[in-house]
Structure formats: structure tokens, C-alpha cells
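Since we're looking at a predicted model, the values are computed, not measured. What you see below is based on every heavy atom in this structure, not just the backbone, and it leaves out hydrogens, waters and symmetry mates.
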Amino acid sequence: MLTSSSGRAVRTETRQNSNFLTRNGPQQQSFIPPPSSSQYLPCHYFDYMTGTSTGGLIAIMLGRLSMTVDECLEAYEKLADFVFGHPRRLHIRRPPFIPRDKYDHKRLEKAIKEIIKQRNSDGHGNTMFRQPNTEMCRTIVIAWHKFNVTGIRVPYLFRSYRHPTSSDGPRDFLERNPDTRYEYKIWQVGRATTAAPTYFKAVKFEEDDEMTEYIDGGFGANNPTEEAYRSIQQLSNNDPQAVKVVVSIGTGKNLETNPSPSAGYKLYYLYINAAAKWAAQSEATHHNMTYNTRGAAEYFRLNVEHGIGKMKLDAWKGTRGSETLALIRTQTEEYLASDEGSMIVSRAAQELVTVRQARSTWQQDPDRWERFCHGVEYACRITPCNQGERRWQRQQLRSHLEECHSTQFNADELENLLEAAKCFPIETEP
């Protein structure tokens, strides 16, 4: 994921020294934590999280849903067993090559919705992907977008925040779907980024009175780091200093090549023969990022060297995937214990803790931490007040109370009034 820029105006928004985390596509009451919680979550260290394919699901869970790492692992293992543990008997990926996908996409949709329900105090699974408070950690999920008229496929960035179109100079042709007016639910974004051909049915959404198709983001952006990095910089008018720290997590090195997009049955043929992920393309992106961040951002790439790079997208062997999970854990722990892995983790942790500490003790805006951590806003509770519907920052409300309602309370009551005025983001079902 990325860290964001240093206090410069970001088109219509402002973002301070962002951190950014990316997750590759795989081989294989609201969502806000209780305000009293002192536990630091992954989303407290990053301004942006991004992912593609099942890495997109992980970005949603850690970023948009504010999960702990343990919660994310548990949820993903349940999802994987519910979906990959139940393939169809007859499908296109094995003889007699029945023309239907290996897995029922409805099971995947159900699993994603169940994760959302468990994180939502109202118990519904139709929460919108666009977050109610954009001062919190933002999420970018990448899918592969098919334009129906031409058949050309390009990356599509689902964002949990508004990305305005650049107003300065000519349009950047690499600026992916800016200022989109379409609103998607979290489960729809999860389905779009995981719709791998031959595994799951492509997902279609109605846009401008026609159906637009999306498939697995790993098809063209298996390593989403460069796409997200560019998108965040665009918010700061392509300021090279817009991002401070980048942490990229791969899914294992491999020398497979990345097939070019194609239409019709040839597309399925390519997928059937690409048994492993296209990690070579991921490594090419890694080399690009090493060059692009030189002198501009701290860039860290974690990627297991051996043993899992050629694992299939749906690898799930043993009872509840026990054999697959054991292999992933063993190889990952071995890599993290190596000199290279431990050094990268140590350096990245130092950078991220420094950023988090600065964010939580920023003297220019002492209330910034509670806004970033919990999305806290304030509302005037004193009646009558003609600005009772307005949402304030704490110091703004303090000034409002002192200027407009000073006769209705004494000085000793001010802090209690401010505490009672706290509001938290509400996730609503459309």
C-alpha cells in the first residue's frame, strides 16, 4: 500500500504523507472498530490499500472493512473452503470440457456478502464500496474492464473515494475512470476483481443503459502496485513526492509469462494453459516500481522466493485446504526468516510506525488521529441550533459552541458537550 503526499492540495482534496499497501492477485454499527479500542489495525498505518483478484478481497477486508490480520485470515480461509472446496464436477477446465466455469459464482457472492454482514452492525451485505468518511484509509481494487463497443480491455480502478478528473492541462490517458458517477456495493467490487475466466462467470453491471463486463484484475494487473501508485500521484497533480512509503506483497516468484488479452475461446485456452499465475509480469512491475520510487518514496517488496510461485489460483488440497495452507505458511515463514525477508520487514515496520506516530501526534491538528482511525465527526447537540445537521471537526465545533451557545453551558461542561457530540460513519443499505 502507499503512503500519501505532504500537505499539498490534492486537486479537490488534501492528503498528508500517504502510505500505500498493495496485494497481488492470488494464486489462489458500521465497519469502524470500537472507539475505545487501543489496538492498532493495518488500516491505521496506511492511507491507501490496493489489491487485485483475491488480493483485492484482502484489500477490502483490511482497508474498507477495517479488519485485523487474524480476522482477515480467518475470513479468507472460510471463503476459500466454501468456494474452492466445492468445484463443479463438469466444467471447461477438464475433459470433456463442458462450456461452463469451474465454480459457481453464486457461492463466491454469498461468501463475500457473509463477510460484510459480520462486519456490519445492521447485518446486511449490500453496503456501498464508497466509504462514508474519506479521511480514513482508502481502498483501491482493480478489475479488468471490457468496453463492449470495441472489445478492448483496460484496467478499471474501483475506488472507495472520489477521484476527480484533472483540470490542469491535457487529460492523462493513463488516468483510469476518473470522476465516475457509478456507485457499487462492496460485494460487487469483490466479484469483479475475482471473476477469473474459466473459474468464475464474468460479472456485468448496468452502466449508461448497457451492460459492462468485468473480469479478474489479475488478467492485466496481477501486481497492482504501479496502477495504484500512478493513481495516487495523479491526485497530487503527478507530484513525485506524493507517496512516502510503498509496501508491496507478492504471492510467490515464478517465471511464467503473461498471455496477451484475446477474445472468444482463445482467451479460455490461454487461461487453461496458464496453470500458474503470471508472476513474471508481477516482477516486471516490481522492477518498474524500484525505478519509479527512487529518490521519491521508500519502496518495499515482499515476495516468497520458492515453493508457491506456480500454485494454481484455486489450489485447495487437504481437509479444509490444510495441505495448501501448510505449504503457504511453511514457505512464507522460511522467507520471512531469511536475511532478505527479515531485513525488509524490519525496515518497512520502522517506516510505518514512524508515519503512524506522526499521524497520531500531529500538533497542527491534534484531532486528526481520531478522524483517520475512527472517522469521527461532531454535530452540535444544543437545541435550538440552525446548524444541527452540519458535521464539524472537534476544534471547529468548540469554536461554534463558544461563539453561538456560550450562555447555555458553563466552561466546565464544554469537554463533556464535545464528547457527547461525537458521530461515527454510518454504513447504509441502498
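The side-chain hydrogen bond (donor to acceptor under 3.5 Å, both in side chains) test with Arg176 is passed by exactly one of His163, Gln234, Glu227: Glu227. Of the candidates Leu174, Asn292, Thr225, Leu174 is the only one forming a side chain to side chain contact (heavy atoms under 4.5 Å, CB included) with Arg230. A side-chain hydrogen bond (donor to acceptor under 3.5 Å, both in side chains) with Tyr199 is found for exactly one of Lys102, His91, Arg93, namely Arg93.
In this structure Glu206 satisfies the side-chain contact (heavy atoms from CB on, under 4.5 Å) test together with Asp209, Met211, sequence neighbours excluded. Not counting sequence neighbours, the partners of Glu109 by the salt bridge (charged side-chain N to carboxylate O under 4.0 Å, His left out) test are Arg191. For Glu403, the salt bridge (charged side-chain N to carboxylate O under 4.0 Å, His left out) criterion is met by no residue, not counting sequence neighbours. Residues satisfying the ring-ring contact (aromatic ring centres under 6.0 Å, His included) criterion with Tyr378, sequence neighbours excluded, are absent altogether. Qualifying side chain to side chain donor-acceptor pair (under 3.5 Å) partners for His286, counting only residues two or more places apart in sequence or in other chains: Tyr299. With sequence neighbours excluded, the residues satisfying salt bridge (charged side-chain N to carboxylate O under 4.0 Å, His left out) with Arg371 are Glu135, Asp365. Judged as a ring-ring contact (aromatic ring centres under 6.0 Å, His included), and not counting sequence neighbours, the contacts of Phe205 are Tyr184, Tyr214. Take Glu74 and apply the side chain to side chain donor-acceptor pair (under 3.5 Å) test, not counting sequence neighbours, and it matches Lys78. With sequence neighbours excluded, the residues that form a side chain to side chain donor-acceptor pair (under 3.5 Å) with Arg329 are Glu77. Here Asp367 pairs with nothing under the salt bridge (charged side-chain N to carboxylate O under 4.0 Å, His left out) rule; sequence neighbours left out. With sequence neighbours left out, Asp104 forms a side chain to side chain donor-acceptor pair (under 3.5 Å) with no residue at all.
For the residue pair Arg159 / Ser231, a side-chain donor-acceptor distance below 3.5 Å is found, with atom types taken as modelled.
In this structure, NZ in Lys113 is found 7.5 Å from NZ in Lys117, a value given to the nearest 0.5 Å. Atoms CG and NZ, on Leu352 and Lys244 in that order, are 10.0 Å from each other to the nearest 0.5 Å.
Proximity of a side-chain donor or acceptor of Arg64 to a complementary backbone N or O of Leu62 within less than 3.5 Å is not detected. Looking only at distances, a side-chain donor or acceptor of Arg119 sits under 3.5 Å from a matching main-chain atom of Leu65. His287 contributes no side-chain N or O that, together with a main-chain N or O of Ala284, makes up a donor-acceptor pair within less than 3.5 Å. Using modelled atom types, one side-chain atom of Arg100 and one backbone atom of Leu90 make a donor-acceptor pair closer than 3.5 Å. Formation of a donor-acceptor pair under 3.5 Å by the Asn237 side chain with backbone atoms of Asp239 is not found in this model. Using modelled atom types, one side-chain atom of Asp101 and one backbone atom of Lys201 make a donor-acceptor pair closer than 3.5 Å. Between the Asp47 side chain and the Cys137 main chain, no donor and acceptor come within less than 3.5 Å of each other. Here the side chain of Thr193 pairs no donor or acceptor atom with the backbone of Val189 at under 3.5 angstrom.
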For the pair Val247 and Phe46, evaluate side-chain contact (heavy atoms from CB on, under 4.5 Å) and give the outcome as yes or no after the intermediate values. CA-CA 9 Å; Val247 179; Phe46 297 98; 4.0 Å; yes
Would you sort out whether Leu401 and Trp392 count as a side-chain contact (heavy atoms from CB on, under 4.5 Å), showing the intermediate values? CA-CA 11 Å; Leu401 293 174; Trp392 315 72; over 6 Å; no
Dump the intermediate steps for side-chain contact (heavy atoms from CB on, under 4.5 Å) on Val69 and Leu73, then the final yes or no. CA-CA 6 Å; Val69 172; Leu73 286 171; 4.1 Å; yes
I'd like to know whether Val355 forms a side-chain contact (heavy atoms from CB on, under 4.5 Å) with Arg359, so could you lay out the CA-CA distance, the side-chain angles of the two residues, the decisive distance to 0.1 Å, and finally the verdict. CA-CA 6 Å; Val355 170; Arg359 195 195 321 274; 3.6 Å; yes
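Heavy atoms from other residues, nucleotides or ligands lying under 6.0 Å from CZ of Arg88 number more than 12. Around atom CD of Gln357, more than 12 heavy atoms belonging to other residues, nucleotides or ligands sit under 6.0 Å away.
The two residues Asn223 and Ser248 have their closest heavy-atom pair at OD1-OG, 4.0 Å.
Taking 4.0 Å as the cut-off between side-chain N and carboxylate O, Arg394 and Glu419 count as a salt-bridged pair. Salt-bridge annotation for Glu283 and Arg301: present, with a side-chain N of the basic residue lying under 4.0 Å from a carboxylate O of the acidic one.
Classified by interplanar angle (parallel below 30°, tilted 30° to 60°, perpendicular above 60°), the ring pair Trp369/Tyr40 is perpendicular.
Note on residues 284-298: pairs passing salt bridge (Lys or Arg N to Asp or Glu O under 4.0 Å), not counting sequence neighbours, are Glu298-Arg347.
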